[in-house]
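What follows is a short report on a single structure.
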Amino acid sequence: MNVLRTIALILSLGFLSSILFYKIRELRNLSIIASLSVALGFVIKFFGIYTGIKRAFSYKDLFYFKFDAFSNFFVVLILGVGLLAILASWNYMKEKKGETFFYVFFMLTILGMVGLVYSRDMLSFFIGWEVMTMGSFLVILQSNEKDRFKFALRYFIISLIGAYSLLWSMFIIYNKVHSFKFSAFNSSVFTKGELTTLLITISIGFLIKAAIMPFHTWASGAYSRSPLTFTAFFSGAMSKMGIYGLFIFLYGSIGLSAIYKTGYNEFFQTSYFQYTLVWLGVITAFLGTLRAILSEDIRVMLAYSSVGQLGYMLIGIGLGSTLGLTATLFHVVTHGLFKTSLFIVVAAIIHRTGKTKFHELGGLINNMPIAFIATLISIITLAGIPPLGGFATKWLLYEAMIEKRMFFATAITMLASIGAFLYAYRLIQNLFLGQRKLEHDDVKPAPLTMQIAMLIPALGMVFLGFFPNLLIKYTNLFIELINIDFFKLGVKVTDTAFTNSYGYWNAFYLGSAVVIIFIVSTIYYNLQRRAKIYKIGQLDIYTAGEYVTRETPLNYSFNFYGFIFDSLKPAIKYSVTNFITRISKEFIALSDFVRRIYTGNGQHYAIFTMIFTIITLIYFLS
Amino acid sequence: MKTTKLYLGPQHPGITGNMMIELDVEGNKILKSKTHVGYLHRGFEKLMERRTYIQSFPIVCRICVPEPDVNENNYARAVEKLSGLEVPERAKWIRTMVLEMARLQSYLLWMGGQSGSMGLYTMPQWTIGDRDYLLDRFEELTGGRVYHLYVWPGGVRKDLPIGFKTRMLDLMDYLESRMKDYTKLMFENAIFKKRAIGTGVIPKDKALEWGVVGPVLRGTGIKHDVRIDEPYEIYDKLEFEVPTYEGGDIYSRALVRKFEFMQSISIIRQIMDKIPEGPIYNRIPNPFKWKIPKGYTYVKLESSRGEFGYFMASDGSEKLRRVNVRGPAYVHGISLLEKILPGSRLGDVSTILNSLGVCPPEMER
Amino acid sequence: MSTDSMYRLLVTIAVILGSIIYGFFINSLARRITARVQNRMGPPLKQPFIDVIKLYSKRTFVTHGIMQTLGPILMLTGIISTLILIPYGKGYLTLYSSNGDLITILYIMTFGQLAMALAVGQAGNPYGTIGVARGLTRMFGYELPLILALISLIALNHSADVNVIIANQHGGIANWNAFRHPFVGITALLAMLGMMSYQPFDNASAPAEVASGPITEFGGKFMAIMMTTNAMFVVAKLALLVDLFFGGASNIFILALKIFLLYLYPLFVGLVFPRFAMEDTFLFFWKWPTLIGFIGLAIAIF
Amino acid sequence: MDDLKRPTLDSDFTCDMAFNKITKWAQKNSLWLLAYGTGCGAIELSPTMTSRYDWSRLGIRGSATPRQADLLLITGYLSTKTLKRVIRSYEQMQDPKYVIGFGSCTINGGMYYDSYNTIKQLDLYIPVDVYINGCMPRPEAVLSGLAYLKDKIGDKKADGWIKYKQNFEWYRENQKKILKSFNGDNMPDKYNW
């Protein structure tokens with residue numbers, strides 16, 4: 001039995017049923033969910049099994065697919081997040097304008113992604129890549145936002161640039177090695193200059209998909225204007241395709257030795273190219289965080305947060321050491337979990353209230369307790385506070401950077417993660433805590449499917465917090481699998497304790513200590529015999545003696561970190577988005593000028609032709 | 001709603017008394033401010049119409065709690081003006097001294113409030129402790145610490161006690177030496193300067209139009225002082241300067257007050273030096289039968305916070321017909337505050353409030 | 001349970017209780033010193049203990065919701081978790097510091113702060129929320145120099161292990177990190193001003209601006225636990241700084257002395273300075289301390 | 001006032017009053033005062049709290065918000081507008097809580113006995129544990145008043161907060177008599193806890 005064919009069959013069936021039953025909601029959704037879960041179960045079943053099954057698939061030596069643990073890792077992420085997103089969409093997309101086509105294009109995107117993850121040649125990789133881009137572009141158009149065209153188009157155009165950059169580099173490779181297969185790549189036939197160009201063009205293609213600064217300009221618009229359950233998938237799984245591509249191209253096919261050939265820095269034990277990647281990641285992490293802190297729209301904040309988090313992953317890739325790659329893979333999982341959960345929470349809130357700005361919300365904790373718990377766990381993970389899963393990434397990443405002696409970069413990355421704490425707090429404060437608005441008194445809890453979809457990742461995060469070693473056992477496997485020079489300074493994992501030459505951390509002991517201390521504190525807290533805790537009303541707060549009403553705006557939420565904004569105002573003016581906007585304006589002006597040449601008047605064309613002929617003649621005759 | 005409504009007061013540590021500023025805040029920026037008063041309204045002007053001239057003295061000083069003597073002085077001078085009562089020379093000197101002492105203690109209180117609002121808590125501990133020495137002298141002179149009932153129509157109640165002069169001069173020396181510490185701790189403090197310079201600016205061209213008076217006005221660079229413009233008591237016989245500083249911000253107001261503090265010390269020294277001997281009061285008729293001829297008058301003086309005026313009308317009976325008190329805090333605390341607060345930062349509200357010397361009881365009377 | 005881990009547990013409990021008592025003790029000593037500077041007597045040394053007992057003996061405890069009730073417990077949890085990761089000496093006094101390095105300590109410190117922030121949020125008071133926003137902004141400010149200093153230490157010692165860093169400072173005052181690497185020491189000391197929330201940087205709970213800030217809605221038992229955790233947190237922070245920059249300690253008494261002396265420094269700075277405006281607080285840390293920190297780090301690396 | 005019933009302490013409250021020695025001692029020696037200068041008396045509080053008289057040596061300190069405060073000092077007269085805020089602040093404070101009427105105005109209206117805007121007798125509206133008379137009372141008088149309150153707490157006689165709970169309707173009625181727009185201004189009718 002061929003595993004790949006089976007998976008393709010199951011997913012194609014799901015895709016077809018989404019087209020066939022596009023009018024019948026229950027049938028369509030159930031068949032999609034069934035196909036995704038069967039495929040997911042299938043992948044998980046054969047996750048580490050490579051014997052007794054046929055796991056490669058090729059067609060005329062042109063398309064080549066392979067079923068291996070590394071791809072499976074990403075496929076599980078794609079299918080899992082996809083499943084959750086579709087589950088959440090059941091209620092979220094209900095009776096929305098674009099509901100019918102949403103699922104078709106969603107499935108198309110998933111199909112493309114699974115295809116590109118399993119592909120082991122450039123051609124099928126590129127086809128999968130384009131299907132994914134196209135599908136996601138079409139999904140964005142299914143949302144109800146008025147300005148979706150503008151942002152979808154921006155996303156599409158920038159993605160196209162990335163795709164062409166990728167295509168170009170593929171042609172260069174084919175020109176030299178005469179094969180599209182990854183395994184056929186041979187770095188010795190390239191010169192140093194060619195390799196450098198290749199690395200740059202390939203990276204641009206993938207960095208655009210991962211929304212790394214300065215290629216992030218599409219991200220905030222596309223993330224915030226798509227149907228939000230799709231954004232959960234977009235940010236949770238799809239943005240990682242850039243990371244996957246970098247993995248597979250840089251360390252899978254091109255290989256470290258080829259990268260080192262382009263220039264090697266003894267001090268940092270890394271090539272200049274990788275060093276650039278690290279700093280791009282650092283800058284992205286920092287500036288993305290800063291933008292997230294200062295945004296007023298929930299969706300935009302999460303979008304910039306995604307940009308920042310992708311920066312961490314790029315750092316790990318740039319480091320190229322075992323520890324760094326482990327950190328990246330770990331973060332791919334944790335980010336997938338918490339971003340999915342958060343976007344679904346936000347989708348639920350927007351679904352129930354119709355509000356998207358922070359200052360229009362507040363005090364929803366009693367209306368949506370499950371969403372609150374999911375958010376709480378997600379933001380603790382996001383901020384990387386022990387004992388939940390997020391801290392493992394942070395620890396691995398910092399130790400990896402310190403190991404490579406990139407101390408400045410470490411400092412700024414750590415600062416960025418502190419910044420994440422700031423916006424994470426705002427996320428929970430302005431949505432769930434504080435005073436509830438009068439019009440939100442009878443907001444119902446999130447729909448059941450969404451509650452399930454937001455709680456499952458939360459459980460995953462708690463589990464990863466206590467047993468990060470289980471995941472790392474696998475990631476170590478992949479890293480060996482994709483043939484990286486195994487560095488001596490690897491992370492040593494014994495049970496739940498992590499040790500490397502610089503530091504150590506024991507997840508399980510720390511986690512259990514926190515739990516034990518929590519239990520003891522709770523007992524101590526409730527020891528007092530006479531203690532009666534009275535629950536008082538929402539408005540019974542200190543307002544300097546004044547009496548307030550429900551109409552009084554008592555939530556502090558707009559311009560929450562106004563201090564930072566005021567302090568950094570001069571610097572914030574210069575953003576890449578503004579730069580691009582200006583360039584596009586200039587471009588329009590240029591086009592305007594060009595339009596003047598093409599007036600449509602035959603006589604003008606005649607004159608131009610004459611002038612051109614004369615100049616050419618003069619040039620050749622002289 | 002983008003804005004947050006914050007109630008600064010009446011029960012708030014940042015407010016200078018029992019009043020309330022209702023703020024509409026957007027982030028850290030204030031969009032709108034509205035002063036609410038009425039928490040301290042006792043109806044003085046109505047109460048005084050029911051009391052005889054002398055009976056009004058005990059309540060008149062309670063109009064402005066931090067600086068009661070200006071009210072006594074104003075009221076006494078208005079009564080004297082209406083009734084044509086003469087004041088002996090020595091009484092005038094003593095009255096001036098009391099006024100300057102009141103100014104000193106008021107500035108000490110202000111220094112504490114101003115720096116306390118910025119979180120420099122050592123300063124109020126020092127200045128209010130030192131202010132108590134002034135209150136001791138008040139107590140020695142008048143018998144009361146806060147409310148003195150010392151100034152009387154036709155003079156003052158008691159003569160200076162024996163040895164008062166030396167003790168007063170010692171105190172002046174002490175305060176002068178303490179001022180050096182205050183300067184180091186507060187006026188030349190880098191962070192104080194950083195917060196005070198450029199905050200709460202009152203434009204010079206608007207200051208007079210807005211009715212700003214006192215040190216706040218002199219802080220914008222306009223020289224206006226009742227003591228020099230229309231001298232009362234014995235201010236024309238004394239040598240002193242009235243400082244002005246350009247800028248109109250908190251810091252220039254602080255410098256004006258610092259300079260005036262030193263001037264008051266010098267004035268008290270001059271008074272102690274030159275005070276003539278003589279009687280201290282002219283007898284008034286039986287207060288219960290003391291009828292003051294029909295008429296009206298307006299008296300004013302320069303209090304530590306600005307021009308303080310009393311308009312009084314008598315109808316020939318033993319009781320006042322109408323009195324209207326014009327205090328500086330009314331302008332500063334209500335209309336001026338509502339004009340200069342929008343656009344400033346939330347953290348500066350209390351600082352600006354303190355620098356204007358807003359005194360709620362005087363606003364509401 | 002083996003006798004070894006038994007002893008360790010007992011020592012840990014003793015250190016936790018000791019940190020409460022010592023935290024209160026230096027707090028009240030600081031209040032006495034403050035009072036002396038301000039020309040007055042000050043409260044008796046037992047005052048913080050009296051305050052806490054009184055807060056516990058309050059009759060009503062009011063809460064606005066589940067997070068406000070849970071917040072103080074989580075805060076206590078976070079602080080104790082921090083405390084047990086910091087070494088206070090040798091042997092059993094290293095407590096459980098073998099379960100986490102400097103980075104772990106840095107991150108687990110924020111646990112308690114998050115819990116506090118959540119509790120404040122649930123109370124729904126705008127002053128509380130503004131206080132938290134200010135506190136977080138200040139944290140974002142001072143973390144930059146602090147991280148630079150800590151990274152420099154890691155770079156210099158080739159280890160993020162606090163015990164190793166202490167061991168490397170062995171042998172006299174000149175070997176202490178604060179003196180051997182002056183730039184790093186200065187950066188850490190400047191960042192510490194922000195950590196201790198004394199005067200120039202006490203924006204979060206500035207009475208004249210935001211009433212009592214984050215603790216606005218907390219009374220009775222909640223307030224008591226907050227006071228307790230604050231006392232513990234002060235000890236934890238200072239012990240960490242002593243460990244990292246001032247040579248650690250061979251026995252607990254010298255550690256206590258060093259903690260107290262280090263505590264005096266932000267106290268005296270606070271006594272003679274008013275507080276910064278919020279923007280200036282933030283910018284202050286990102287200007288000079290950061291610059292010095294970068295220089296220190298550059299020296300440490302090259 | 002004839003209609004002021006002496007509070008009868010029922011068993012539940014008597015049980016509460018039986019503090020053990022240590023909590024009683026703590027409550028005595030740690031009085032946090034609500035920073036609310038309601039009237040002109042606030043001017044004498046600053047000397048009392050600063051370097052010359054320094055009440056912190058008696059375990060007294062200010063607290064910015066009512067949640068943490070034990071002691072409400074009514075410094076002088078209360079206008080009706082302030083009374084409303086005082087009631088709110090008092091009800092937000094947490095038991096046990098004490099009230100000190102400061103100055104003659106709280107006892108009988110003092111200087112403003114005939115004013116149309118001030119209340120004349122404070123304990124009709126909130127229970128008062130200790131009065132300090134005088135206008136103004138000197139810092140020494142304030143300190144002695146505080147010392148008296150401490151003794152009262154020690155003797156379990158500072159039971160104003162229990163009185164307020166037990167005679168709540170009576171107090172509310174009185175408050176409503178003077179505050180005409182009591183319900184119209186969103187004042188909560190019930191005592192919150």
Side-chain angles (χ1 to χ4, degrees), chain A residues 363 365-366 376 380 383-386 391 394-395 398-399 402 405 407-408 410-411 414-415 418-419 421-422 425 428-429 432-435 501-506 509-510 513-514 517-518 521-522 525 528 530-536 538 540-542 544 554-556 560-561 563-564 566-567, chain C residues 56 59-65 67 69 73-74 76-77 80-81 84 96 98-104 107-108 110-111 114 117-118 121-127 129-130 132-134 136-137 139-140 143-144 147-148 151 154-155 158-161 211 216-217 221 225 278-279 282-283 297 301:
Chain A
I365 178 168
N366 291 331
L376 183 60
I380 291 178
I385 297 171
F391 180 66
K394 300 281 187 303
W395 189 87
Y398 299 148
E399 299 285 345
I402 289 168
R405 301 189 64 74
F407 295 110
F408 287 110
T410 319
M414 276 170 110
L415 185 70
I418 299 286
F421 187 77
L422 263 70
Y425 175 65
I428 202 158
Q429 159 73 40
F432 292 101
L433 304 175
Q435 302 277 334
S501 60
Y502 270 88
Y504 46 80
W505 168 55
N506 192 331
Y509 278 122
L510 193 61
V514 171
I517 293 166
F518 175 71
S521 315
T522 317
Y525 190 70
Q528 207 182 9
R530 276 200 302 268
K532 256 186 249 159
I533 294 179
Y534 298 84
K535 175 111 171 40
I536 53 173
Q538 184 188 341
D540 196 351
I541 54 169
Y542 163 78
L554 286 173
N555 265 352
Y556 175 75
F560 198 79
Y561 295 113
F563 331 106
I564 300 178
D566 289 350
S567 322
Chain C
Y56 269 115
R59 279 282 294 118
T60 41
F61 309 108
V62 295
T63 168
H64 287 85
M67 275 324 286
T69 320
I73 310 178
L74 286 171
L76 197 62
T77 311
I80 295 178
S81 308
I84 62 169
Y96 294 96
S98 60
N99 284 319
D101 55 10
L102 193 49
I103 295 171
T104 320
Y107 270 85
I108 206 158
T110 48
F111 186 92
L114 178 71
L118 289 176
Q122 173 90 74
N125 195 309
Y127 286 119
T129 319
I130 294 175
V132 171
R134 283 163 170 241
L136 290 178
T137 309
M139 188 174 93
F140 195 40
E143 285 284 349
L144 180 54
I147 288 169
L148 285 171
I151 296 268
I154 295 174
H158 300 283
S159 176
D161 185 344
T216 300
E217 285 297 322
K221 192 160 65 174
I225 290 193
M278 198 54 232
E279 291 88 340
F282 181 70
L283 274 185
L297 184 51
I301 297 176

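Chain A is the first sequence line, chain B the second, and so forth, proteins listed ahead of strands; every chain is numbered from 1. Please read these numbers as outputs of a predicted model, since none were measured by experiment.
Between the side chain of H64(C) and the backbone N or O of G121(C) there is no donor-acceptor pair closer than 3.5 Å. A donor-acceptor pair under 3.5 Å is absent between the side-chain atoms of K221(C) and the main chain of Y56(C), judged by distance alone. One N or O on the side chain of Q435(A) and one on the backbone of G124(C) form a donor-acceptor pair closer than 3.5 Å.
With a 4.5 angstrom heavy-atom cutoff, L118(C) touches chain A via backbone and side-chain atoms both. Using a 4.5 Å cut-off between heavy atoms, F408(A) contacts chain C through both its backbone and its side chain. Using a 4.5 Å cut-off between heavy atoms, F111(C) contacts chain A through both its backbone and its side chain. The parts of L415(A) that come within reach of chain C are both its backbone and its side chain, each placing non-hydrogen atoms under 4.5 angstrom from that chain. Interface remark: A123(C) contributes backbone atoms only to the contact with chain A (heavy atom separation under 4.5 Å). Contacts between I365(A) and chain C at a heavy-atom distance below 4.5 Å involve the side chain alone, from C-beta outward.
Judged as a side chain to side chain contact (heavy atoms under 4.5 Å, CB included), and not counting sequence neighbours, the contacts of A117(C) are Y425(A), V132(C). In terms of the salt bridge (Lys or Arg N to Asp or Glu O under 4.0 Å) criterion, residue partners of E217(C) (sequence neighbours excluded) are, by chain and number, R67(D).
When ring centroids are compared, Y107(C) and F391(A) come within the 6.0 Å threshold.
Among all heavy-atom pairs drawn from A211(C) and Y542(A), the shortest one is CB-CE2, 3.5 Å.
In terms of heavy-atom pairs under 4.5 Å with chain A, the best-connected choice from L297(C), I80(C), L283(C), L148(C) is L297(C). The most heavy-atom pairs under 4.5 Å with chain A, out of T104(C), T216(C), T110(C), L76(C), come from T104(C). Looking only at heavy-atom pairs under 4.5 Å with chain C, the residue among N555(A), L554(A), I380(A) that has the most is L554(A).
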